[in-house]
There are 2 protein chains.
Amino acid sequence: MSISSRFAVGIHILTLIEFNKEGVTSSDFLASSVNTNPAVIRRLMGMLKKAGLIEVHPGIAGAKLAKELSEITLYDVYKAVNVVQENELFSIHENPNPDCPVGRQIQNTIEPLFISAQLAMEKILTNVTLEDVVKDITVKENIC
Amino acid sequence: MSISSRFAVGIHILTLIEFNKEGVTSSDFLASSVNTNPAVIRRLMGMLKKAGLIEVHPGIAGAKLAKELSEITLYDVYKAVNVVQENELFSIHENPNPDCPVGRQIQNTIEPLFISAQLAMEKILTNVTLEDVVKDITVKENIC
DNA sequence: ATACATGTAATCAAAGTTGTTACAGGATGA
DNA sequence: TCATCCTGTAACAACTTTGATTACATGTAT
């Protein structure tokens, strides 16, 4: 099991919009950098737009960031592209046997543990902004 | 996307072996508590055995824990049932365009962030043992 | 020998992911 | 107005994973 690459691609999209902010960032342009189909990009742009992270309009080429770089966290992107549902990173088997003490309680016992593990992971994502990502890429590019 | 319920079922299996330690915990018995097929349980028992968490033998009914309850963490179970590969909780799109600064660096920039988020989640799992789970169920049962 | 257990392979349906095609509809300039 | 280029979306196929199921080989004990 792996969390969908929509998350990584979403970060890629937003980062490239920033790098190309003087130009026109169309779905074709993004697709060629990500190396995928433009329709895949447009699907993701729809999610990012719905989440208020970018501005994009039918018929008008190019997407723009709707917020400051430093105000967009990886968690925002993660939620926007809908890769993991609230409290559902881990799945729990349904309908355990209620006639057994373990079957009766296992869900209630396990669920809070799973949720706290999920929250710990998501906490890390809230602590990283797109500004951090852009800066890191800039540094790496200057070194090369 | 969700992490396979093999993890939750693995915890269920180990917990029930403990609760039923005076009796014989066969795959049929486990299956009726989990509410699944005995072959599914046996597949999981194979993984738990391979990881050194239980002892089980062909032809002999019943599984036993191979370690103390307090020495088995949820992380041990998580690794045993193989629900998430090392450093692969998040997937990253392959073959981004190397002619683009973002395409060139995005993988190297994102990967350590993803790994640290994964590790934060896994850290929580290492801090919970099966003993905690068993105690919690015991308490919940006494209250009811 | 029988009865019953584990070990394991093969198969299947359901769901999610990613890529692809197609087309409706908005914006713009000749 | 028309042609062109863009976004927005739906529909579909290929692939993968999950979980259930069936079947059967093999081990153990009476």
Side-chain angles (χ1 to χ4, degrees), chain A residues 1-10 12-13 17 20 23-51 53-64 66 78 81-85 88-96, chain B residues 1-10 12-13 17 20 23-32 34-51 53-64 66 81-85 88-96:
Chain A
M1 169 325 293
S2 242
I3 290 173
S4 165
S5 69
R6 284 200 303 276
F7 183 25
V9 175
H12 189 143
I13 289 172
I17 290 173
N20 190 45
V24 174
T25 310
S26 66
S27 63
D28 267 62
F29 178 74
L30 285 162
S32 89
S33 173
V34 171
N35 192 23
T36 184
N37 192 293
V40 171
I41 298 294
R42 291 199 291 273
R43 216 154 39 195
L44 278 169
M45 289 201 307
M47 296 184 186
L48 297 172
K49 177 184 184 180
K50 192 174 168 192
L53 302 184
I54 63 175
E55 285 175 10
V56 55
H57 305 278
I60 304 178
K64 296 291 180 187
Y78 164 93
V81 298
N82 211 32
V83 283
V84 174
Q85 304 308 306
E88 291 183 10
L89 174 59
F90 298 90
S91 53
I92 302 182
H93 53 299
E94 299 185 338
N95 308 316
Chain B
M1 171 321 299
S2 244
I3 290 173
S4 166
S5 67
R6 282 199 304 274
F7 183 24
V9 174
H12 188 142
I13 289 172
I17 290 173
N20 190 43
V24 174
T25 310
S26 67
S27 62
D28 267 63
F29 177 74
L30 285 162
S32 87
V34 171
N35 191 23
T36 184
N37 192 293
V40 172
I41 298 293
R42 290 200 291 272
R43 213 152 44 196
L44 279 169
M45 290 200 306
M47 295 184 186
L48 297 172
K49 177 184 184 178
K50 192 174 168 190
L53 303 184
I54 63 175
E55 285 175 10
V56 55
H57 306 279
I60 303 179
K64 296 290 179 187
V81 297
N82 212 32
V83 283
V84 174
Q85 304 308 307
E88 291 182 11
L89 174 59
F90 298 90
S91 54
I92 302 182
H93 53 298
E94 298 186 338
N95 308 315

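Basis for what follows: all heavy atoms, side chains included, without hydrogens, waters or symmetry-related copies. A, B, ... follow the sequence lines: proteins, then strands. Residue 1 opens every chain.
The nearest heavy atom of DNA chain D to A:Gly46 and to A:Met1 marks one nucleotide each, and the one closer to the 5' end goes with A:Gly46. Comparing B:Thr25 and A:Gly59 against DNA chain C, the residue whose closest nucleotide sits nearer the 5' end is B:Thr25. Between B:Pro58 and A:His57, the residue anchored nearer the 5' end of DNA chain D, judged by the nucleotide with its closest heavy atom, is A:His57. Summary of the strand contacts: A:Arg6 and A:Val40 both lie near DNA chain C, and taking for each the nucleotide with the nearest heavy atom, the more 5' one is attributed to A:Arg6.
Rounded to an integer number of Å, the gap from B:Arg42 CZ to C:dT8 P is 11 Å. Taking atom CD1 of residue B:Ile13 and atom P of nucleotide C:dT6, one finds them 11 Å apart after rounding to whole Å. Separating the NZ atom of B:Lys50 from the C1' atom of C:dT6 is a distance of 17 Å, rounded to the nearest angstrom. Spacing between atom CD of A:Gln85 and atom P of C:dA15 amounts to 15 Å, rounded to whole angstrom units. The interatomic distance linking B:Ile60 (CD1) with C:dC4 (P) rounds to 17 Å, in whole Å. Between the CD1 atom of A:Ile41 and the C1' atom of C:dT18 there is a distance of 12 Å, rounded to whole Å. Rounding to whole angstrom units, CZ of residue A:Phe90 and P of D:dT18 are separated by 14 Å.
At a cut-off of 3.5 angstrom, counting only N and O atoms as typed in the model, there is no donor on one side facing an acceptor on the other between the side-chain of A:Arg43 and the base of D:dA10.
Contact between the side-chain N/O atoms of A:Lys49 and the OP1/OP2 oxygens of D:dT7 is not found at any separation under 4.0 Å. Between B:Thr36 and D:dA20 there is a side-chain N or O to OP1 or OP2 distance below 4.0 Å. Look at A:Ser5 and you'll find a side-chain N or O under 4.0 angstrom from OP1 or OP2 of C:dT18. Side-chain N/O atoms of B:Ser26 include none lying less than 4.0 angstrom from OP1 or OP2 on C:dA5. OP1 or OP2 of C:dT18 has at least one side-chain nitrogen or oxygen of A:Ser4 nearer than 4.0 Å.
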